[in-house]
Amino acid sequence: MSTNLEFSEWTQLFENEMMLAALIDRVTFRSFVLNMNCSSSYRIDSTMNND
């Protein structure tokens, strides 16, 4: 499962907050949550520095 929304914004997709909490609990159990929403791109920065 993948989304660009933060967990706090998942209420836009799912109305029942109790079920949403259970879903997030199961999705994140024994997993790593990576925050990939950064302001700059490594590839763009690398390309710009190589010129």
Side-chain angles (χ1 to χ4, degrees):
M1 181 174 192
S2 177
T3 180
N4 290 335
L5 295 175
E6 296 180 12
F7 290 132
S8 61
E9 296 176 3
W10 281 23
T11 54
Q12 298 170 10
L13 302 172
F14 303 98
E15 293 181 10
N16 187 327
E17 291 186 17
M18 185 175 283
M19 293 297 285
L20 176 59
L23 173 67
I24 292 172
D25 180 59
R26 281 153 182 80
V27 167
T28 59
F29 182 69
R30 293 190 178 177
S31 63
F32 296 97
V33 178
L34 302 175
N35 184 359
M36 304 296 285
N37 298 323
C38 57
S39 59
S40 63
S41 166
Y42 171 78
R43 289 185 290 281
I44 292 174
D45 292 342
S46 177
T47 301
M48 299 300 262
N49 291 331
N50 285 334
D51 289 343

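These values consider heavy atoms only, across backbone and side chains, with no hydrogens, waters or symmetry-generated copies.
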State plainly whether one hydrophobic cluster holds both L13 and L20, where clusters connect Ile, Leu, Val, Met, Phe, Trp and Tyr through side-chain heavy atoms under 4.5 angstrom apart.
yes

Which residues pass the side-chain contact (heavy atoms from CB on, under 4.5 Å) test with Q12, not counting sequence neighbours?
L5, E9

Looking at residues at least two apart in the chain, or sitting in another chain, which of them share a side-chain contact (heavy atoms from CB on, under 4.5 Å) with N16?
M18, M19

Heavy-atom closest contact (I24 atom, T28 atom, distance):
O-OG1, 2.7 Å

Looking only at heavy atoms, the pair that brings S8 and T11 closest together is O-OG1, 3.7 Å

Are any side-chain N or O atoms of D25 and backbone N or O atoms of A21, one a donor and one an acceptor, separated by less than 3.5 Å?
no

Side-chain heavy-atom pair F7, V33 within 4.5 angstrom cut-off:
yes

